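One structure is given below, represented as structure tokens, and several questions about it will come after.
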Amino acid sequence: MEQNDIMEKIVSLCKRRGFIFPGSQIYGGLSGTWDFGPLGVELKKNIKKSWWRALVYQRDDIVGLDTSIIMNPSVWEASGHIQGFSDLLVDCKECKKRFREDIVKQTCPECKGALTQSKQFNLMFKTFVGSVEDSTSTVYLRPETAQGIFVNFKNILTTSRKKLPFGIAQYGKAFRNEITIGNFIFRSREFEQMELEFFVQPGEAQRWHQYWIQERLLWYQRLGIKKEHLIVRQHEKKELAHYAKDCYDIEYFFPMGPSELEGIANRTDFDLRQHSKISGNDLSLLDEKTNTKFFPYVIEPSGGVDRALLAFLIDAYSEEIVRGEKRVVLRLHPSLAPVKVAILPLLRNRPDIVELAKNIKNIFPGNYYVVYDDTGSIGRLYRRQDEIGTPYCVTVDVQSLEDKKITVRDRDTMQQERIHIENLKEYLDKKLE
Ligand code: GAP
């Protein structure tokens, strides 16, 4: 399959099947915003759940946090975002469109008009708190979730009694007034991040940096992204963010070329030191051996939920010919699949079969998403479930009324197995564990 084709196919599948819609669509949309439909919201939640499980539940050295999107503006002064979080932009003198300097050549890419000198443009969205709209009430929508973690460093330390090395994990919305958006949800203005700030002894930072690059690579692979579709790229000095001493990107081979999925930075003690200085609250720790104060270093794996979602979809997408017909399958890892099980009656005009199928759906107590569907022939129902990545379909037929057995069909192998209804829940629970 051509690489460009695959993006088109994913965009179309996402719209058609209710994964992702353009934001505010009935008003003509708002560029750089997307709405996640019934299947998209499940996939997104499952990605965040898998991340949280790997970082918070399966380890003893990381705790979770959920902080405000709007913070005291001094946070962004201390973090360097007011001064340094900007892109160099140029304007077209003819059509007045604005572009990032690094993506244009001498003339406007749209109308070939002459371009202005470049100038800095801050990427943070501004708004106001309270009833007065002036500089004293200006606040920003957070451009990264990380700062909520740094300003709570001491709160977490005293309440969780963690000792170095330890981490704080948070996922949530972030906002950037990006000038160049595009490639579907790859770069938008409102998106979600999954960020871990891992605090270590300064002398151990390099070792932990390498450790987290490997851990994060393995996370993507365990959830189904093919190893050969991922690469790690070290930032050149000129690419480094203002707070980073060193950074590696995990890149995925997106259809438009290898692009950043997640950045893993060594932020040194930049943030804790800055917040101590600007807030007047000392965020340093005491080294009990030497009785001296020091600031821990921070290793930060920072990934985008939306980018991960796009990569998981692209990597899972496959087309094959089965008995002369095209079958589209999303081979999503079962823990990511939006719908885990679909219950399908073989004959939708037989009330006894429909009733049994609906009763079978009630066996499942809501631990994972199970749907009932009788809106088409069985062939069409299977095709629909394959296309959205449902790992198991359960079919109820005439024979089921007598022997109380149903057929479980595996999405990937298309193998079918006859299972007694009494054993069905345990059978699927085990498969989906
Ligand atoms: N706290 C560090 C930080 O924010 P970043 O590389 O600017 O680092 C981290 O962002 C991740 O957030 C990126 O790897 C990407 O997955 C995601 N991300 C950043 N900007 C984005 C955008 N405009 N749209 C979608 N995802 C974005």
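Computed from a predicted structure; not experimentally measured. Atoms within each ligand, like the ligands themselves, are counted from 1 in listed order. In what follows, residues are counted from 1 in the order of the sequence shown.
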- Protein contact of atom 25 (C) of ligand 1 - nearest heavy atom, named by residue and atom, plus distance: F186 O, 3.2 Å
- Message: Using a 4.0 Å cut-off to any heavy atom of R267, which atoms of ligand 1 qualify?
- Response: 1 (N), 2 (C)
- Message: Tell me whether ligand 1 is touched by L261 - counting only heavy atoms on the residue side and a distance under 4.0 Å.
- Response: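 L261 counts as a contact of ligand 1 under the 4.0 Å cut-off.
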- Query: Ion pair present between E192 and K44, side-chain N to carboxylate O less than 4.0 angstrom?
  - Reply: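 Yes, this pair counts.
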- Query: How are the rings of F270 and Y243 set to each other: parallel, tilted or perpendicular (split at 30° and 60°)?
  - Reply: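 F270 and Y243: tilted rings.
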Only pairs under 3.5 Å count here: list side-chain donor-acceptor contacts from residues 69-83, not counting sequence neighbours, and write none if there are none.
from: N72; atom 1: OD1; to: S74; atom 2: N; distance (Å): 2.9
from: N72; atom 1: OD1; to: S74; atom 2: OG; distance (Å): 3.2
from: S79; atom 1: OG; to: V75; atom 2: O; distance (Å): 3.3
from: S79; atom 1: OG; to: W76; atom 2: O; distance (Å): 3.3
from: S79; atom 1: OG; to: H81; atom 2: N; distance (Å): 3.3
from: S79; atom 1: OG; to: H81; atom 2: ND1; distance (Å): 2.7
from: Q83; atom 1: NE2; to: E77; atom 2: O; distance (Å): 3.3

- Message: Give the atom numbers and elements of ligand 1 that come within less than 4.0 Å of a heavy atom of E300.
- Response: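 Those of ligand 1 that fall under 4.0 Å from E300 are 1 (N), 2 (C).
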- Task: Could you list the atoms of ligand 1 found under 4.0 angstrom from a heavy atom of E178?
- Result: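 Heavy-atom distances to E178 below 4.0 Å select 20 (N), 22 (C), 23 (N).
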- Heavy atom under 4.0 Å from ligand 1: found in W34's side chain, backbone, both, or neither?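 Neither part.
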- Message: Only heavy atoms of G263, strictly under 4.0 Å: list the atoms of ligand 1 that pass.
- Response: 14 (O)
- Item | Near-ring test Y297/F199, centroid separation under 6.0 angstrom | no
- Query: For R176, which residues count as a salt bridge (Lys or Arg N to Asp or Glu O under 4.0 Å) partner, sequence neighbours excluded?
  - Reply: none
- Query: If we only count N/O pairs under 3.5 Å, is R187 in contact with ligand 1?
  - Reply: no
